[in-house]
Each structure stands twice: as C-alpha cells, then as structure tokens.
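These notes concern the structure reproduced below.
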Number of protein chains: 2
Amino acid sequence: MKKAGSCDLKTCFLCQFSIPEWIAAIGDHKQHLSYKKNETIFQEGSPVKGIYFLYDGKVKVHKQWGAEKELIVRFAQKGDILGHRGLGSGERLYTVSATALEDTTVCYTDLAFFEASLKVNPQLTLKLMQFYADELQEAERKMRNLVHMDVKSRLADALLDISRLHNDVQFTISRQDLAAFAGTTYETIYRNLQEFIQEKLIAVDGKSITILQEKKLKKYITL
Amino acid sequence: MKKAGSCDLKTCFLCQFSIPEWIAAIGDHKQHLSYKKNETIFQEGSPVKGIYFLYDGKVKVHKQWGAEKELIVRFAQKGDILGHRGLGSGERLYTVSATALEDTTVCYTDLAFFEASLKVNPQLTLKLMQFYADELQEAERKMRNLVHMDVKSRLADALLDISRLHNDVQFTISRQDLAAFAGTTYETIYRNLQEFIQEKLIAVDGKSITILQEKKLKKYITL
DNA sequence: ACAAAAATATGATCTAAATCATATTAAATC
DNA sequence: GATTTAATATGATTTAGATCATATTTTTGT
C-alpha cells in the first residue's frame, strides 16, 4: 500500500451523500491509498481504524476459514464503501477481509471522522442504513440459496450477479473466486461450468466468461 | 390477529431511541395487535405497509422455499423490531415472513410514521443502522458456517445461539424449527441431537432442551 | 372428546458434492 | 528469464447428509 494524490470528492459514498458544506472537511480528512493486485486492504479480526471507499479497481470482501477455505461475501466497485460491517454494537473488529483483485485506489477516513460525518449528515446515515438493509436482504437470500439450491443453480445465480455488477454479459473472474463466491469447491465449479458451456449458456475464454443466454440461466434459479 | 389495548411506550426499539417529545406522537400512531400461536404476522413477498415491534411472545423470521422447505433467519423477542428488512432501496416488499411461535402481541406503525420518526430522531436512525450492521455480521457468519461447517457444528452453534437469546441454558423449540434454523433437515437434526445427548452435552425432555456443557458445545464451533 | 394434521422417531437407500490424486499451464517473484 | 507458486484440468473415490419409508406420538381444530 502506498499513499497517492487525493480524490475528486464526488465519487464515493461519503461525498455523494454529505451536505456541500461538509465536503471541504472530507477533503481535509481523507487519504488516498493505493494497493497492488492481491494486496490486503484490511484483515478479518483486526481492529477497525477507519472506513474505505473504493475509488478505482476491484475488491473482494471475504471471510477466511482455516488456511485454505474462504467465502466471498461481496465484490466491491467504484464508489462502494468498505469496512462498514465493523460499525456494529459489538467489538470494533473487521468481520471480513478486503483484498484487491486488481490494482486499486481507495479513499480512507478514520473512524472518528466518519462517525462525525454521520452525525452531521442525516442523509448519509439514512442512505447507509438503506445500504445495510439491501446487503442484509441479499445475504439472507444467499443463505437460503446455500441451504436449498444445488451448486449448479447457485453458480447460475453467481454468474448473473457478477454480470449485473459489471453491467456487462462479459467479465473476468478466476474459478477459484467463483467457487468461493458460490460457496463450493474449485472442482465442482469447474464441472458445472463445463456443463453450462456444453449447454451453450455461457462461453469461456481463459478467465473471461460471457453469458450467452441470460434467460435460460435465470431459469436455473427459480427452481 | 386482533386489535388490543395500547403498549407502555417504553419497551420497543422505537420508543427506546426516540426523543421524549416524540413519544406522544408514537402513542397516537401505534397500534397494539395480538396474534395467536402459528399466526402469520407478515408474509414474504407482500408489500411493506408498516413496521412491527415485538411486545410480548416469540416470533420466527423465516424464508420459504417451495411448499415444504424453509430457513429461519432469526428468532425475535420482546422489544425487537420486525419488518425492517423491507426498508432497502428496492421494491418495498417483505423479504421474509414473520410467524408467531406462541401467543404474541406487537406494536405496529405504518411506514410513513416510522420514516418520519427516523427523520426526527437521529439517535433512532443511528441505533437502527447499528442493528443492521449486527444482523449483517451475523448473517454472513452464518453463511460461512453453512459453507464450511458440518451439521453437527452448526447445530451446536444454533443451540448456543438460542440459549443466549433466551438467556437460559434451558429453552423450548421444535426439532423442525431447529432444522430450519441450522439449515438442514429434521432427520439430520434428530440424529445429531441424539449424539449430543449420548455425549451428555445436552439433555432433552419433549420439546425442552437443556444445555449441560456449554464449553464442550462451543468446541464444536471453533473447528 | 375425537378426528385430522403435524411432529417425532428411526432404519434403509441414494446421491450430490467433497476429497484425493496427479498433470499441465499460467503467473508472480527475485 | 528461471524458478517457485498458484491456478487449472480431469478422473477416481469417499462420505455426509438428503431422501424415502413407515410407525408412533403429540397437537390442534371442531
């Protein structure tokens, strides 16, 4: 990680929902940081010192299990807030890790300033609350999928999810990460991807995946 | 469901975190409702008209899957807020159902009034946000458990969780609900409960379960 | 109080998906 | 640019847990 210039004060969640008078204060407090691919931005279990906003690049938010196993909880993109899970009523520890999937720059705010921002900007608090509600809905939907859907359906869901995020039928992701996101193993993802390719629902070229028949993929989910 | 008297204006989440001047307004807007055991308070997929606060009784918050299968996301208790998952940025539909596990009374507020309350009481908004953060952490922890822990460990976790909720090593729950909470089937729960009984970690009498050795149960989780 | 429905108990069977094993290829690092 | 490390490919084997089947007990509605 190294420090870099400053951000445009427009893009991130914090700037977008703060009152104009507060933006200057944000400028004073924000730090611009950059991370290389595969670098850890913060680690599950370590104390929360601040909140991050993704400025450029791609980040996975994930939980570790032992040495080998992980679960990817979310992929974050430009503008997204990172580290807000630490704001609960319990101990202030990150409950997830964040790792750069490509070279990434983020804005960083220490916790005290972020909490001050919440006090000053009711709109920000409200939006953040709404964002939590959305994430909670999604987490619980995924929980249900893990319990009641088979891997192939979960893979279909994951692919559509990632496609929606990228706003493109084509995107790039490792099988490993896909497995951690769908809540299964590499081998199982490999086999089910093969099936989707055979059925011509997707096309694959290296790490690049293209969704060919969104409709049919969707049918796997409502089963 | 039938309407009943009014509540004490002290217990619920809304009253607890609103400024004193607002309490009168709450009194004017709140409705006291009562539900019999097994009655549905609200149903997944139906439009959100308001927010509920559990005043007395016990409620399960759950997602349906097809006709037979469910996943219990949370057990709610006195004071707890219900229906807040519907406050996300998307369509205002309940994403879960709430069903009374015993005779229950709740306070009800229409959505407009609740949103007004949020505007008037920054403290309430902040507390609600914190509550979301906690629930999100918990949901994601459970997701990880579903992916990486076996049923026996998840059952141990569920038992400890419920015990913590009731603030008692003894509590009452159907095997069916236990299965839906641990994300597995009745039969598997039955068998694993037997094992715990054999190992003398718990004692069971009808629907009543007593945790005998909390320490040892906990060990199952950190595996 | 009684019939119908739901929950529980328990064994037998089946299967999806995890694990293991081993090449091959691609990517990062010094 | 060579070497270590990580990701991918693919078959074989194992296993946890779901499903099925059926009997008994407990609840609940009328």
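Throughout, protein chains are lettered first and strands after them, A, B, ... in sequence-line order, and every chain is numbered starting at 1.
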Under 4.0 Å from OP1 or OP2 of C/dA17: is there any side-chain N or O of A/Thr188 that close?
no
Any donor-acceptor N/O pair under 3.5 Å between D/dT8 base and A/Arg191 side chain
no
Presence of A/Lys207 side-chain N/O under 4.0 Å of D/dA7 phosphate oxygens OP1/OP2
no
Take the protein atom CG of B/Leu146 and the nucleotide atom C1' of C/dA18, then report the distance between them rounded to whole Å.
16 Å
DNA chain C: B/Glu187 or A/Asn192, which has the more 5' nearest nucleotide?
B/Glu187
Can a salt bridge be assigned to the pair A/Glu140 and B/Arg74 using a cut-off of 4.0 Å between side-chain N and carboxylate O?
no
Grab the CD-C1' distance between A/Glu39 and C/dT29 for me, whole Å please.
15 Å
So does B/Lys69 get a side-chain nitrogen or oxygen closer than 4.0 Å to the phosphate oxygens (OP1/OP2) of D/dT19?
yes
From CG of B/Leu101 over to P of D/dT27, roughly how many Å is that when rounded to an integer?
15 Å
Rounded to whole Å, the CD1-P distance (A/Ile189 to D/dT8) equals 11 Å
Can you tell which of D/dT28, C/dA16, D/dG17 lies closest to the side chain of A/Asp150?
C/dA16
Criterion ring-ring contact (aromatic ring centres under 6.0 Å, His included) on A/Tyr220 and A/Phe196, from CA distance to verdict
CA-CA 11 Å; A/Tyr220 272 94; A/Phe196 279 146; 5.2 Å; yes
Any A/Tyr186 side-chain N or O less than 4.0 Å from OP1/OP2 of C/dT19:
no
Round to a whole Å and report the spacing from CG of A/Leu155 to P of C/dA17.
11 Å
Closest-nucleotide ordering on DNA chain D, the 5'-leading residue of B/Asn38 and B/Gly183:
B/Gly183
Is there a side-chain polar atom (N or O) of A/Gln176 under 4.0 Å from OP1 or OP2 of D/dT8?
yes
Tell me what B/Lys152 touches on the nucleic acid: a base, only sugar-phosphate, or nothing, going by heavy atoms under 4.0 Å.
nothing
May I ask you to evaluate whether A/Thr184 reaches the phosphate of C/dA17, defined as a side-chain N or O under 4.0 Å from OP1 or OP2?
no
Expressed in angstrom and rounded to an integer, what is the separation of A/Glu195 atom CD from C/dA16 atom C1'?
11 Å
Could you give the CZ-to-C1' distance, from B/Arg154 to D/dG17, as a whole number of Å?
10 Å
side-chain hydrogen bond (donor to acceptor under 3.5 Å, both in side chains) with A/Asp157: which of A/Lys218, A/Arg141, A/Lys142?
A/Arg141
Just say parallel, tilted or perpendicular for the rings of A/Tyr132 and B/Tyr132, cut-offs at 30° and 60°.
parallel
Where does the angle between the aromatic ring planes of A/Tyr35 and A/Tyr52 fall among parallel (under 30°), tilted (30 to 60°) and perpendicular (over 60°)?
perpendicular
Here the distance between atom C1' of C/dA17 and atom CD of A/Gln194, to the nearest Å, is 17 Å
